[in-house]
J.: 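There's a structure below that I have some questions on.
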Amino acid sequence: MSAARWVGCWAAVSLTVAACGRDAGGDHTALRLQAVADPVEAKAYRGLIAAFEAQRPDVQVEFIPVGRHPEHVTRLTTAFAAGNAPDLFLINFRRWGQFIASDVLEPVGPLLDEAGLLDRDAFYAPPLDGFTVDGRLICMPQNVSSLVVYWNRALFEQYGVEPPAADWSWREFHDAARALTRDNDGDRRADLYGLDVDASIIRLAPFVWQAGGQLVDDVQQPTRFALRTQRAVTGLMFLKRLKNEVRVIPPLIERRAESPDARFIRGGAAMTLNSRRFSATLRAVKGLDWDVAPLPQNQQAASVLHADAYCLGRQSRHKAAARDFIAFATGEQGQALLSASGRIVPVRKSVAESEAFLDPNQPPASARVFLDTIPTLRRTPNIPVWYEIETRINPIIEEWMFESVAQMAGEQNFGLRDGYFLVSRIEAAAGDLLRPPAAVDDGS
């Protein structure tokens, strides 16, 4: 269906509910939407809101940008406890667990279904799965991104390194990172690093899967980590070996002074790993020649799902208007607007295959990489405790990743034993959060 035709259908439906969500004594329904957004992203969301309000002049949407994910979750938690939560918020499925557990969300899927506003076949399946609990779509995803390699084309050309191939291997990735790590002033310290990357479970997981390992025993109902295998540990060790054995990743002291994003933007790192949202930031950087490539492959191709969704608070007094905003934002017009900003890989298939996303005049030139990797996407669990688990284990992963060879003590810290050491620390930090539920004694 064309964008114009879809908007017409949506407008016809919305006219029947326009009066249902109005504030008492006022002519407008006032919705509040909270999301993590930097200035570039905030501009894109405000453009989306303006387009919606042009179609629905009876609804006004206040956008509440938040700078970082931890602050976003904290503010939402506090607001729900105080009974003053925003009507809508955008959140990643890895971070929404406590809101499921506290039962403060109104399932969006049934609301859209009842109004005839949801055709599941029109959307990519992985993000829908990520936001589905007990067979119900709780929040409506807006994007289906993956972890990809961002690479600096000018630096690759300057040092005679072949551009990444669609099926490049760990070895080719290793060789490229090594060739691009340069000490240009002879002080025995790198001025250019081949790679910079955050150390977290979401960054390590794809390499675990590529090596044939598993993150947990069951992604739907996990009861334990499944990292205590040689394949899983080989995947965990891949990036650390690049850092300690080849030294293509900055040491901790330099990481604390400059983030991977900032280092890549200024040309201090030739490659970094990130999701689609980084594209919106890079488009605003003048003079930076960059592109994207799939993650390198080992035993198999695999990447990790990055998906955000619109969630609706159960306490909202304007559920019909909120539902219509979600329908617009994930419809053809809304998806095209956010795609043009560079912010999202559209969850709606028709827009993902359109020029709104694959615009040859906008970087990245290889935008189709994001679509080609969708069949390889895997996800982390969407259980209520997963955000707390990540909060516990990510500092441990960072400490382990960036310890120097000189700091490593004991033979367990060398080779694969170092990986098993990390697994032990992850398991200890997670504690009983993944413990199977206790069996119920029925008296038989």
Side-chain angles (χ1 to χ4, degrees), residues 94 126 145-149 164-178 194-219 222 224-249 260 271-275 293-306 373 375-381 386 389-390 392-403 405 408 412-430 434:
R94 295 167 26 242
S145 187
S146 55
L147 190 65
V148 299
V149 179
D167 59 349
W168 62 334
S169 65
W170 280 13
R171 169 53 64 181
E172 290 167 326
F173 181 77
H174 164 284
D175 292 348
R178 187 170 189 173
L195 175 68
D196 199 0
V197 60
D198 282 321
S200 64
I201 194 63
I202 201 69
R203 295 294 187 257
L204 297 184
F207 300 103
V208 170
W209 295 324
Q210 289 181 16
Q214 299 296 326
L215 190 61
V216 293
D217 58 341
D218 182 346
V219 72
R224 62 178 177 82
F225 280 101
L227 294 168
R228 198 170 284 279
T229 67
Q230 182 174 337
R231 289 181 176 181
V233 169
T234 298
L236 289 174
M237 289 294 300
F238 176 62
L239 290 179
K240 185 171 185 180
R241 281 176 165 163
L242 286 177
K243 185 257 175 188
N244 268 356
E245 297 175 14
V246 193
R247 305 195 180 194
V248 302
I249 298 174
M271 294 185 288
T272 191
L273 309 183
N274 214 319
S275 66
L295 292 179
Q297 302 177 21
N298 187 35
Q299 300 294 329
Q300 54 196 323
S303 189
V304 63
L305 174 66
H306 286 257
T373 58
T376 74
L377 290 180
R378 304 190 193 185
R379 67 174 176 85
T380 55
W386 189 255
I389 288 173
E390 285 200 10
R392 290 187 185 186
I393 68 176
N394 281 342
I396 290 170
I397 292 172
E398 181 180 49
E399 178 186 349
W400 169 84
M401 176 82 172
F402 288 100
E403 63 183 352
V405 174
M408 295 165 67
Q412 77 273 12
N413 288 326
F414 294 92
L416 289 180
R417 291 184 180 182
D418 186 24
Y420 283 107
F421 177 63
L422 173 63
V423 172
S424 296
R425 295 186 65 189
I426 287 175
E427 291 172 343
L434 283 183

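The model shown is predicted, which means the values in this text are computed figures rather than measured ones.
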J.: Could you tell me the separation between the CG atom of L242 and the CZ atom of R178, rounded to the nearest 0.5 Å?
T.: 10.5 Å
J.: Going by the rule ring pair (Phe, Tyr, Trp, His ring centres under 6.0 Å), which residues pair with W168 if we only count those two or more places apart in sequence or in a different chain?
T.: F173
J.: Counting only heavy atoms from other residues, nucleotides and ligands, does the tally under 6.0 Å from CZ of R241 exceed 12?
T.: yes
J.: Applying side chain to side chain contact (heavy atoms under 4.5 Å, CB included), can you list everything that pairs with P294, at least two apart in sequence or on another chain?
T.: V369, T373
J.: Considering all heavy atoms of both residues, which atom of A211 and which atom of N298 are nearest to each other, and what is their separation?
T.: CA-ND2, 3.6 Å
J.: Under the salt bridge (Lys or Arg N to Asp or Glu O under 4.0 Å) definition, can you give me all pairs with a residue in residues 421-430, not counting sequence neighbours?
T.: R228-E427, E399-R425
J.: Can L273 and V149 be said to form a side chain to side chain contact (heavy atoms under 4.5 Å, CB included), step by step?
T.: CA-CA 5 Å; L273 309 183; V149 179; 3.6 Å; yes
J.: Considering all heavy atoms of both residues, which atom of A429 and which atom of I396 are nearest to each other, and what is their separation?
T.: CB-CD1, 3.3 Å
J.: Rounded to the nearest 0.5 Å, what's the gap from CE on M401 to CG on N394? Could you check?
T.: 12.5 Å
J.: Check for a donor-acceptor pair, side chain of K243 on one end and backbone N or O of E403 on the other, with a separation under 3.5 Å.
T.: yes
J.: Any chance you could measure I393, atom CD1, to L204, atom CG, to the nearest 0.5 Å?
T.: 9.0 Å
J.: Which heavy atom of S145 sits nearest to which heavy atom of L377, and what is that distance?
T.: O-CD1, 4.1 Å
J.: List the steps and the verdict of side chain to side chain contact (heavy atoms under 4.5 Å, CB included) for L434 and F225.
T.: CA-CA 8 Å; L434 283 183; F225 280 101; 3.8 Å; yes
J.: Please report, to 0.1 Å, the donor-acceptor pairs under 3.5 Å made by any side chain of residues 229-238, with sequence neighbours excluded.
T.:
unit_1, atom_1, unit_2, atom_2, d
T229, OG1, A232, N, 3.1
T234, OG1, Q230, O, 2.7

J.: Name the atoms and distances for all side-chain donor-acceptor pairs under 3.5 Å in residues 196-203, with sequence neighbours left out.
T.:
unit_1, atom_1, unit_2, atom_2, d
D196, OD1, R255, NE, 3.4
D196, OD2, R263, NE, 2.9
D198, OD1, R255, NH2, 3.1

J.: Pairs under 3.5 angstrom only: tabulate donor-acceptor contacts from the side chains of residues 299-306 to other protein residues two or more places apart or in another chain.
T.:
unit_1, atom_1, unit_2, atom_2, d
Q300, OE1, R378, NH2, 3.2
Q300, NE2, W209, O, 2.9
S303, OG, L147, N, 3.1
S303, OG, L147, O, 2.9

J.: Do you know the tightest heavy-atom contact between L215 and A205?
T.: CD2-CB, 4.3 Å
J.: Rounded to the nearest 0.5 Å, what's the gap from CH2 on W170 to CZ on F207? Could you check?
T.: 7.5 Å
J.: When rounded to the nearest 0.5 angstrom, what distance separates CG in L227 from CG in D217?
T.: 10.5 Å
J.: Could you state the interatomic distance from CG (L422) to CD1 (I397), rounded to the nearest 0.5 Å?
T.: 6.0 Å
